Every structure is written in C-alpha cells, then in structure tokens.
Asks: 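There's a structure below that I have some questions on.
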Amino acid sequence: MLDKTYEPTSVEARIHAAWMDANAFAAGAGAKPGADAFSIVIPPPNVTGSLHIGHALNNTLQDVLVRYNRMLGNNVLWQPGMDHAGIATQMVVERQMMEAQEPGRREIGRDKFLEKVWAWKEESGGTILNQLRRLGASCDWSRERFTMDEGLSKAVLKVFVELYDKDLIYRAKRLVNWDPHFETAISDLEVENIEVDGHMWHFKYPLAGGETYTYEEKDEDGNVTFSEVRDYISIATTRPETMLGDGAVAVHPSDERYKPIVGKLVQIPVGPKEHRRYIPIITDEYPDPNFGSGAVKITGAHDFNDYEVARRNNIPLYALLDTKGSMRADGVPYAEAAVVAQAIAEGREDFDDAKIGALNIVPDDLRGLDRLVARQRVIEAITEEGLAVMVTDEEGNASPLVENKKIMQPFGDRSKVVIEPMLTDQWFVKADVLAKPAIASVREGRTKFVPEGWQNTYYHWMENIQPWCISRQLWWGHQIPAWYGPDGEVFVAHDEAEAQKKADAHYSKTVEITRDEDVLDTWFSSALWPFSTLGWPDKTPQLDTYYPTSTLVTGFDIIFFWVARMMMMGLEFTGQEPFGTVYVHALVRDEKGQKMSKSKGNVIDPLKLVDQFGADATRFTLAAMAAQGRDIKLAMSRVEGYRNFVTKIWNAARFLEMNECFRVEGFDPKTVSQPLNRWIIGATGRAIAQTTQAITDMKFNEAANAAYDFVWGTFCDWYLELSKPALTGEDAALKDETQATAAFVLDQILKLLHPFMPFVTEELWAETGKTGPARDTLLMHAEWPDLLSLADAEADAELEWLLAVISGIRSVRAEMNVPAGAKIPLVVVQAGDQTRSRTATHQPAIERMARIEGVTFADAVPANSAQVIVGEAIHALPLGDVIDLDAEKARLKKDIDKLDGEIAKIDKKLGNEQFVAKAPEEVIEEQKQRKQTALDRKERLNTALSHLG
RNA sequence: GGGCGGUUAGCUCAGUUGGUAGAGCGCCACGUUUACACCGUGGAUGUCGGCGGUUCGAGCCCGUCACCGCCCACCA
C-alpha cells in the first residue's frame with residue numbers, strides 16, 4: 001500500500017541505498033550488449049567545496065543525460081572526482097592552524113604541512129560528493145578520482161616533462177600578476193579588474209642641470225595657443241610610490257612639444273636629494289600625445305605597459321616591492337644602491353636583470369612600509385618641495401593638481417586584495433601554440449558548443465591567448481619536476497634520479513641538485529581530467545571505451561579556465577578532442593536577478609531545498625528553468641509548484657492502486673480496443689517523443705515541460721477522470737482493459753520522468769510492482785520507451801470531440817452561474833450519426849464530468865436552453881426558469897462578434913492580391929478552412945440565438 | 001573602448017525552417033466528484049522596450065535608439 005503522502009526524505013535515503021547495493025551506477029550498468037559508450041566527466045568540485053545551487057544545476061543536467069542514456073541501453077560512465085584546489089585548500093588548512101594557534105606552515109616546514117593538508121582532505125574534504133549523492137547524482141562512485149592521486153599525478157608529470165621537451169613549457173623572468181596576500185603568482189584569469197575611485201597626481205620632473213626649453217601647445221592650424229619656458233617635464237600618475245623605480249620618461253615620437261628635450265635627462269623628484277637619479281626622456285609609440293601631458297613615466301617592473309616599453313628601449317627594471325606588497329627592505333643601504341643605479345642610468349656601468357633585481361633603490365626611510373603608506377609619503381614630500389603641478393582656484397589659492405578618477409584596479413579572485421605586477425621567475429606554457437588545433441576543432445565542428453554562441457567567446461580568448469603562467473609559490477599541489485644544478489642550469493625529469501643523471505651528464509661529474517619549490521596551477525591538472533581519470537598515460541580499457549567523452553556540462557565562467565585548457569591538452573596528448581559537445585549552462589541567480597553571494601545573504605542552499613521539497617522537486621525545478629542562453633532566476637514558488645507535481649504523481653499512483661490496476665499480467669498495448677485507452681496510449685507516445693527530442697537537443701526545460709504538461713494536464717486531468725466510469729462500472733472486459741492501460745501508461749510516465757525525478761519514480765516503480773507482475777529490473781535500468789507507432793488518429797479525433805463537449809458544457813455552466821452541484825439534462829440537437837454514437841459511448845463520462853443527468857437527442861432546441869456548439873451539433877442545456885435569457889443571448893452574441901472579427905481579418909487577407917499571389921498554397925488553404933470553420937460555427941450560433949426568441 | 005545577452009501577462013519565464021501570443025505562480029468566482037485542497041472547475045490580464053525597414057504577413061529577420069546585465073580591454 002502506498003502511503004497517503006509521499007515522504008521524500010526517508011524514501012530518498014532508502015532508494016539511494018538500493019541503487020548502491022545493486023551497483024546500479026557502475027560503468028556500463030544496465031547496458032545492452034555491444035552498446036555505444038556514453039561518458040561524462042564531472043567538473044571536479046574543489047575538495048574544500050560544499051554544494052551550492054550552481055553545482056545542483058550542473059549535476060542535475062548531467063544526471064538527466066546520464067540516466068536517459070543509461071535507459072537507452074548505452075554503456076554509460078559518469079566519472080566523478082575532485083580537484084585539489086591549490087590556493088583554496090592551502091588557505092583552509094592554514095586558517096585552521098592559525099585558529100588552533102599552532103605554528104605556521106613555514107615554521108613546521110613543507111613535509112609536515114603537506115601531511116596536515118592530506119589529513120584534512122581525508123577527514124573533512126569532499127563533503128560535496130556526499131551532497132551530490134543526496135541530489136541523486138548517478139556517478140560511478142567506485143571510480144572516484146582526485147587530481148593529486150598517484151595516477152593523476154603521474155599524468156601531470158608526464159605532461160609537464162613532454163611539454164618541456166617539446167619546448168612548449170619554459171621558465172623565464174617576466175612581469176606576472178602577483179597576489180601579495182597569498183604571496184604567489186597567479187594567471188591573468190585569476191585577476192578581476194574592478195573599477196574603483198582613484199586619484200591622478202601630476203608632478204614635475206626637473207631637467208638635469210637646470211636646463212630649460214620652450215613648451216608650446218598649438219591648435220589644429222598650427223597656431224601657438226600656449227607658450228612657456230619650462231625647466232621640467234610634467235607627468236601624471238596614479239601610483240606615485242612607483243616613481244622610485246622609474247627608468248625613463250617616454251613621449252610619442254611625433255609629439256612636437258617635447259622635441260627639444262628628447263634624449264635629455266630629468267631628475268626623479270623624490271628621495272634624498274644627494275642621490276636622486278637621472279633618467280632619460282625617450283620616444284616610444286606607447287604614450288598617447290592627447291592624454292594628460294603626453295609624457296609617461298616608465299616603471300618597467302611595476303606596470304605591464306611600462307614593462308613592454310622598458311624592454312623595447314633597454315630600460316632597467318627596478319623592483320620596489322617585496323612579496324607582501326611592501327616597499328623592499330633587503331639589500332645594501334640606499335646610499336650605496338643609488339650610486340650604482342646612477343652609474344647605470346648614465347651608462348657608466350653595465351647591467352643585467354640579475355644585477356638590477358638585486359638592487360634595492362627604495363630610500364631607507366620608506367623601506368618596509370606598506371606601499372600605500374609609502375605613496376602618501378612620496379606625495380607629501382614632492383608637494384612640499386614644490387614639484388607638484390599646482391592649480392589656482394577662483395579665490396587665488398593654489399593647490400596641488402589631483403584628479404579624482406575611476407581606475408580599473410586588479411584584484412585577486414580568491415584573496416580579494418590588490419594584485420601587483422611583479423617581476424619574478426616563473427614557468428609558462430606556450431598557450432598560443434596549443435591553442436591552434438583547439439581552435440580548429442571547434443571551427444571544424446568536431447567539438448560543438450551548445451548554445452552555439454559560446455564558441456565566439458571561446459574563439460576570442462583562444463585567438464588572443466597569452467602565455468599561461470603555471471607556477472605557483474604554494475606548497476599544496478603538484479611540485480614542478482624541475483631541478484637546478486649549482487649554476488642554476490635546469491633539469492626537467494620525471495623524478496630526482498633521472499634529473500640527477502641528466503645533471504651529472506651535463507656537468508660530467510656528480511653535482512648537487514635542488515628541486516624547484518613551486519607547484520603547478522591547479523588548472524594544469526584539471527586540464528587533463530577527461531583522460532587522466534581514465535588511467536592515461538596507461539592504455540586502459542576505460543580510456544579505450546570512454547574517451548573521448550561525449551558531453552561536457554559546465555558553466556560559462558570556466559570556459560577559459562577549464563574547457564579551453566582541456567581542449568588544448570586533450571588534443572596535444574591524445575590527438576582527440578576530449579568531448580564532442582560542450583553544453584554551457586547559465587548562472588543561477590536569485591529571484592531578483594542578483595548574483596548569489598554570501599555577503600548579500602541571498603544564497604539559496606540546494607540542500608535546504610532538498611530537505612524542504614525533496615530532491616526530485618529541486619532537480620525538476622532546475623531542469624525546467626534551464627532554458628538555453630539565459631540566466632536562471634530561481635523563485636521558491638517554482639520549487640513549491642514542482643513539489644506539488646511530485647505529490648500529484650504519487651496520488652495518481654494511489655488512485656490506480658485503489659482501483660487494482662496493477663494486477664494485470666502480460667498486457668500488450670497493441671490489443672487495446674477502447675477509444676479512451678487507445679487515445680491515452682497515443683498521447684503518451686507523443687509526450688515521450690517530445691521529451692526525447694528535447695533531451696537530445698539538450699533543451700532541458702522543454703523536456704521537463706513536455707512531461708509535466710502531459711502527466712498533469714492530460715493523464716491526470718482527463719484520462720484518469722474519464723476512466724472512472726469504466727473503473728467503477730460493471731463491464732468486466734472494459735474494466736480490465738482500462739485498469740491495464742492505466743497501469744501501463746503510469747509505467748511509461750515513471751520512465752519518462754525518471755531522469756528528472758529519479759527517487760519518486762523508482763519508489764513507485766518498486767511499490768506498484770508489489771501488487772502486480774514483479775519488476776525484472778530497476779526503473780533506472782528500464783528501457784526508454786517509444787510508443788509512437790501506437791498512435792490512433794480515430795481515437796484522437798473522438799477524444800478531442802469529447803473533451804470539447806465536456807469543456808464547453810462546463811464553461812457554459814460556470815458562465816450561466818449554474819450551481820456546481822446541480823445536475824442538468826443534456827439535449828443534443830442536429831446530431832449526425834457519429835455524434836450520436838460517440839455520445840452514447842461516452843455518456844457516462846459526460847454525465848460525470850459535466851454534471852449531466854440524462855442525455856437525449858432532438859431535432860429542435862428546447863426552450864430556455866443554454867447552448868454549446870461542438871462540431872455540427874448543438875448541445876442544449878434546458879435550464880427552465882433558472883436561465884437568464886439576456887445573459888445567454890449576450891454570451892452567444894459575444895462569441896459571434898469574436899467570429900466576425902476573425903472572419904473579417906481572414907477576408908482582408910484573402911482579398912489582398914499580394915497575399916494570394918505570394919503566400920504558399922498551404923497557408924492560403926489554411927486561411928480558407930479557418931474561415932469556413934468560423935462561418936459554420938457562426939451559423940450554428942445564430943441558430944442557437946434564434947432559439948432564444 | 002570592444003563584444004555578447006536581455007527587454008513578452010501583476011511576478012518568474014517559455015516561444016526557430018516568419019503564418020491568428022503561451023506556462024507556472026499570483027488574482028477573481030465557484031466547489032459537485034472515494035486519487036490529490038501540495039486539489040478540482042471556470043475566468044480576467046498583453047501597443048511582445050521605442051522608432052524605422054524588409055515581407056502578402058514580423059514577438060521572430062535587418063537597421064537604429066533607450067534601459068538592464070555580463071565578458072574582454074594597457075590609457076599613464
């Protein structure tokens with residue numbers, strides 16, 4: 001016996017256990033012999049993660065595809081696993097150590113620290129995978145992988161070494177994005193540019209030796225509009241503290257204003273006077289003569305643009321900041337450093353990167369200060385000295401020129417602190433080389449994006465791809481397999497022994513080598529996920545069967561981070577695209593369209609939804625709202641609505657149970673004879689076909705809605721109601737057939753809904769199997785249905801008629817305010833043979849559903865009747881004195897007016913020569929038919945009207 | 001600065017070979033019926049963001065403007 005109400009929580013736990021016991025999620029479970037493979041790799045969640053609504057959406061969609069394909073009989077693998085998430089995990093463990101007031105990681109050392117992280121991972125990591133189980137995700141959990149597993153690490157090692165050997169990985173000193181909080185380099189993608197309020201200061205750089213020149217501004221015609229003798233050049237900056245590291249001032253070669261002083265030296269107006277450096281005025285294409293003063297200070301070590309200018313012009317790159325973003329405090333005192341720097345600036349001394357890098361030219365009094373404090377000091381000192389550009393207000397008061405300005409400032413996506421360009425030694429991947437085949441794969445259609453539009457995003461990024469900085473100054477991750485000889489020579493190898501061998505060979509003697517401390521970007525290992533999880537580089541049967549994977553389901557926010565890199569690595573190392581289709585789903589926002597975030601407090605916890613409404617309702621909501629190319633604004637009312645849908649199905653099953661529908665053995669839908677039953681079987685087939693097509697097209701919302709509409713709107717609202725006379729009637733044969741049909745259709749519904757609502761459907765499958773023929777398989781391994789061949793046009797027409805009769809009568813009753821409880825007679829006027837026979841067949845249903853008592857046929861409409869036109873017949877409801885004749889007249893008149901409007905519209909069309917000449921024949925035919933139908937109906941309505949006198 | 005997406009009922013959203021505008025929620029009215037009030041029946045509601053164009057015909061195609069959102073980008 002089914003319980004009166006469905007209790008998701010207990011059922012879900014029990015059903016999930018049953019699936020696990022049956023090993024039902026295992027790769028290939030339920031597959032037909034020789035079936036095609038269908039595989040999906042899960043976007044590996046962070047080991048530190050917990051389920052948020054985006055995961056719920058992402059995994060629901062994957063599970064829909066996976067369960068659907070399993071039911072098709074395909075050989076299915078859904079590969080689960082987790083990502084070690086370098087920065088995030090290290091952060092969690094470090095914070096925990098701090099809270100426990102334990103010694104920090106640097107104090108306990110690398111090995112001890114890593115032990116702690118592993119211990120944390122074993123105990124607290126991966127809660128998200130259990131949360132996915134609650135959603136019903138049918139991953140092959142026995143194949144769970146972790147990016148730091150031995151096997152996957154082996155793959156990482158091999159990929160690194162091979163890319164290095166192919167010269168696609170290199171080590172170099174470059175300006176990179178530096179996170180001062182985590183004290184590591186990060187990639188371009190991990191930087192978020194955010195507009196903030198900033199200031200732009202204007203300062204004077206005095207010319208060496210007190211030289212002067214005439215500064216002139218001209219208009220378009222060459223007339224001098226401003227002229228002044230100056231002994232300085234004016235520059236603007238948003239970062240005054242970096243002036244200490246300036247290597248030059250650049251102007252555009254075409255800039256006439258500065259022609260007289262190009263090549264001369266200017267003094268940096270900051271620092272102890274006796275050691276101020278002189279730097280040259282150079283020309284470069286970079287400065288925009290129309291912006292600011294047209295002169296740009298060049299600080300090669302602290303700005304990406306300046307870096308390029310400095311490289312082009314051989315300008316030294318003075319590093320001013322330490323790893324925490326404070327002013328450097330290392331090296332020799334300022335006085336000594338300044339002398340060397342000056343010698344270099346004047347060309348008296350040679351320099352190279354190493355020499356410049358070691359030189360700390362931060363004045364002693366600024367050393368160790370936070371860069372923002374230093375900035376303030378610099379501004380004050382310059383202003384005090386009178387080297388700030390001044391403006392005078394209306395009252396004649398002079399003040400330094402400081403513009404308030406919106407500036408784009410880079411922030412670390414995890415640390416949320418301001419990122420600094422920093423000159424450091426890092427490892428890079430030549431992404432542009434790897435990108436070429438990855439672009440071609442999409443261009444040539446071997447990998448498709450759904451929705452298609454995302455391919456443009458992909459192209460744009462891939463075609464402008466920058467070298468990928470893959471080294472991170474962290475401990476948690478894959479340590480870079482590079483060792484250094486005594487003179488810094490690099491030896492990349494699979495292990496230390498191999499590196500040692502290479503080193504010894506290189507030096508022709510045994511030398512001491514030390515391993516690179518850095519680890520790889522987490523995304524480096526994620527990029528290998530589709531094949532590393534299947535055992536690569538070993539040639540495993542799994543790799544053979546399930547690679548390339550079928551479909552990747554992911555959010556657009558990681559197209560660059562992950563999808564693009566998997567494409568590059570997959571093609572480079574397997575020669576095949578890692579997936580055929582990339583389905584890109586939207587972001588889930590709150591009801592108002594706001595991005596969910598903890599700080600806004602608008603986060604919807606999917607597990608709370610599961611607790612409150614059940615996993616099935618939660619899943620169904622997400623699927624039903626996953627329209628392509630649009631963000632999902634999740635409204636609670638929708639979840640509630642689909643919870644009601646679950647209840648509806650449950651109650652429908654209870655209804656069948658009460659009517660003993662499940663007892664019939666060996667039912668064959670082809671043998672059904674009753675129109676009602678033939679119709680519902682056909683309708684089921686159409687609903688299945690629609691849902692199937694929608695899933696195939698990955699239009700999850702359409703698939704879910706098609707199933708929903710059919711189950712509620714057709715099966716429950718019409719079929720079950722119409723079947724009641726048969727189910728409670730005396731005709732045993734009719735009853736048998738109806739019981740069997742109802743049970744059969746419910747089975748098909750359970751299959752149809754299973755990919756979306758796995759729990760309640762599996763439960764009902766099991767429960768209904770207890771009172772009927774035993775189930776020979778779990779529902780999740782049942783065969784996906786296809787009933788289109790059982791459609792019956794005649795039955796469809798008959799039921800369409802019946803539905804129109806019942807709806808028509810109901811509508812009239814309500815409009816005429818006939819009390820709902822009142823049973824009234826029905827007189828069918830001018831009925832043809834077909835109508836007569838249909839009416840006889842369905843009289844019990846009409847009486848029951850339209851609250852009719854007694855059906856008769858007549859040639860004329862009885863007096864005082866409300867009238868419903870269906871087909872050729874008038875269905876008259878004699879209401880006697882109850883009827884409001886005026887109301888009925890008005891009602892009929894309104895209908896006629898409506899038809900008149902329609903007829904007029906069609907006439908206008910048909911009267912248009914252009915339309916008749918140019919519209920396709922079938923469209924014209926359709927219009928003509930529509931007009932005829934309207935005319936027929938109008939005629940009957942007029943007849944009906946005339947009956948009212 | 002460049003690119004992408006959105007604008008349809010009170011709300012949240014569907015709507016592709018261009019052919020008479022839909023769902024859920026909410027709202028109004030009525031509740032008879034041994035599945036279900038997490039329900040049933042009936043009902044109301046739209047210059048499909050503005051303007052222009054193509055077409056016999058435009059929510060859909062083209063142009064343009066407005067507003068909203070996102071992505072990318074080096075203006076000191």
Side-chain angles (χ1 to χ4, degrees), chain A residues 2 4-6 193 200 235-239 250 286-288 290-299 303-308 407-408 451 453-454 456-457 460-461 464 556-557 559-560 586-587 589 591-595 613 617 624-625 627 629-638 640-659 699 701-702 705 708-709 713 716-717 720-721 724 728 806-807 810-815 817-823 848-851 901-902 905-906 909 912-920 922-924 926-927 930:
Chain A
L2 290 169
K4 176 125 168 72
T5 50
Y6 175 64
N193 290 304
M200 193 154 73
I235 61 94
T237 180
T238 55
R239 302 202 53 189
Y286 165 62
D288 175 358
N290 299 315
F291 184 85
S293 68
V296 184
K297 69 188 211 58
I298 301 301
T299 319
D303 181 283
F304 286 99
N305 291 311
D306 292 6
Y307 178 76
E308 296 301 327
I407 53 173
M408 292 298 274
W454 290 109
N456 295 326
T457 308
H460 182 258
W461 188 70
N464 297 289
F556 63 80
D557 49 333
I559 290 177
F560 303 148
L587 219 64
R589 299 168 177 279
E591 231 160 322
K592 293 175 196 129
Q594 303 271 314
K595 211 167 171 174
F613 300 109
M625 298 190 78
R630 209 171 158 138
D631 284 347
I632 295 177
K633 288 184 207 159
L634 188 61
M636 263 334 191
S637 58
R638 292 290 292 267
E640 202 177 319
Y642 291 120
R643 185 271 320 267
N644 297 351
F645 181 47
V646 173
T647 309
K648 187 78 181 176
I649 300 160
W650 185 260
N651 282 311
R654 282 181 59 227
F655 173 74
L656 298 204
E657 187 183 61
M658 285 172 198
N659 285 284
K699 295 182 174 172
N701 60 322
E702 287 181 19
N705 286 328
Y708 178 97
D709 288 345
C716 291
D717 286 350
L720 291 186
E721 294 302 328
K724 280 175 181 173
T728 56
I806 295 170
S807 298
R810 281 172 168 174
S811 179
V812 170
R813 288 180 60 119
E815 272 184 68
N817 292 318
V818 177
K823 294 197 171 184
R848 183 186 182 97
M849 294 184 70
R851 300 298 293 165
E902 197 182 328
K905 220 163 145 188
I906 297 171
K909 263 191 185 176
N912 181 340
E913 278 176 38
Q914 297 278 13
F915 175 75
V916 179
K918 292 186 179 173
E922 59 210 56
V923 173
I924 296 171
E926 196 191 325
Q927 294 295 322
R930 195 170 283 164

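For clarity, every value in this text was computed on a predicted model and none was experimentally measured.
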Asks: May I ask you to say what A:Arg643 touches in the nucleic acid, namely base, sugar-phosphate or nothing, with a heavy-atom cut-off under 4.0 Å?
Replies: base
Asks: Can you tell me the pairing partner of B:A35 across any strand shown, Watson-Crick or G-U wobble, with both distances under 3.5 angstrom?
Replies: none
Asks: At 4.0 Å (heavy atoms only), tell me whether A:Met408 reaches a base, stays on the sugar-phosphate, or touches nothing.
Replies: base
Asks: Would you mind reading off the distance between A:Phe655 atom CZ and B:C36 atom P, rounded to a whole angstrom?
Replies: 10 Å
Asks: Is a side-chain N or O of A:Asn651 found less than 3.5 angstrom from the main chain of A:Thr647, in a donor-acceptor match?
Replies: yes
Asks: Between A:Asp288 (CG) and B:G1 (P), how many Å, whole number?
Replies: 14 Å
Asks: With a non-hydrogen cut-off below 4.0 angstrom, is A:Tyr286 in contact with a base, only sugar-phosphate, or nothing?
Replies: base
Asks: Just compare B:G42, B:A76, B:G19 and give me whichever is closest to any side-chain atom of A:Ser811.
Replies: B:G42
Asks: Can you tell me the base-pairing partner of B:G1? Count Watson-Crick or G-U wobble geometry only, both distances below 3.5 Å, and say none if there is no partner.
Replies: B:C72
Asks: Would you please confirm or rule out a distance under 4.0 Å between OP1 or OP2 of B:U33 and any side-chain N or O of A:Lys823?
Replies: no
Asks: What about A:Glu721: does its side chain form a donor-acceptor pair under 3.5 Å with the base of B:A35?
Replies: yes
Asks: Please tell me which of the listed nucleotides, B:A35, B:C70, B:C25, lies nearest to the side chain of A:Phe556?
Replies: B:C70
Asks: Under 4.0 Å, heavy atoms only, any strand: does A:Glu913 hit a base, just the sugar-phosphate, or nothing?
Replies: nothing
Asks: On a plain distance test, is the side chain of A:Thr647 in donor-acceptor contact with the base of B:C38 below 3.5 Å?
Replies: yes
Asks: Which base, if any, makes a Watson-Crick or G-U wobble pair with B:A29, both distances under 3.5 Å?
Replies: B:U41
Asks: Is A:Asp709 touching bases, backbone alone, or none of the nucleic acid, heavy atoms closer than 4.0 Å?
Replies: nothing
Asks: Paired with B:G46: which nucleotide, if any, by Watson-Crick or G-U wobble criteria at under 3.5 Å for both distances?
Replies: none
Asks: For A:Trp650 and B:A37, what is the distance between atoms CH2 and C1' respectively, to the nearest whole Å?
Replies: 19 Å
Asks: Give me the distance, rounded to whole Å, that separates B:U34 from B:G46 when you measure between the P atoms they each carry.
Replies: 38 Å
Asks: Touch check for A:Arg638, heavy atoms < 4.0 angstrom, all strands: base, sugar-phosphate only, or nothing?
Replies: base
Asks: Taking the six-membered ring of A:Phe655 as reference, does the cationic atom of A:Lys724 (NZ for Lys, CZ for Arg) lie under 6.0 Å from its centre and within 45° of its axis?
Replies: yes
Asks: Taking 4.0 Å as the cut-off, does a side-chain nitrogen or oxygen of A:Ser293 come that near to OP1 or OP2 on B:A76?
Replies: no
Asks: With both distances kept under 3.5 Å, what pairs with B:A23, Watson-Crick or G-U wobble?
Replies: B:U12
Asks: Between B:G40, B:C25, B:C72, spot the one nearest the side chain of A:Lys648, thanks.
Replies: B:G40
Asks: Rounded to whole angstrom units, what separation is found between the CG atom of A:Asp717 and the P atom of B:C36?
Replies: 15 Å
Asks: Which base sits across from B:G63 as a Watson-Crick or G-U pair, both distances under 3.5 Å?
Replies: B:C51
Asks: Considering only the P atoms, how many Å lie between B:U55 and B:C62, rounded to the nearest integer?
Replies: 16 Å
Asks: Reckon A:Gly294 touches a base, only the sugar-phosphate, or nothing at all at heavy-atom distances under 4.0 Å?
Replies: base
Asks: Can you tell me how far C1' of B:U12 sits from CE of A:Met636, to the nearest Å?
Replies: 14 Å
Asks: Rounded to whole angstrom units, what separation is found between the CG atom of A:Leu720 and the P atom of B:C39?
Replies: 15 Å
Asks: Taking the minimum atom-to-atom distance to the side chain of A:Arg810, which one of B:G31, B:U20, B:U41 wins?
Replies: B:U41
Asks: Nearest whole Å is fine: how far is B:A23 P from A:Tyr642 OH?
Replies: 13 Å
Asks: Base, sugar-phosphate, or nothing for A:Phe304, non-hydrogen atoms under 4.0 angstrom?
Replies: nothing
Asks: Would you mind reading off the distance between A:Arg813 atom CZ and B:G31 atom P, rounded to a whole angstrom?
Replies: 12 Å
Asks: Report yes or no: is there a donor-acceptor pair, N or O only, under 3.5 Å between the side chain of A:Arg851 and the base of B:U32?
Replies: yes
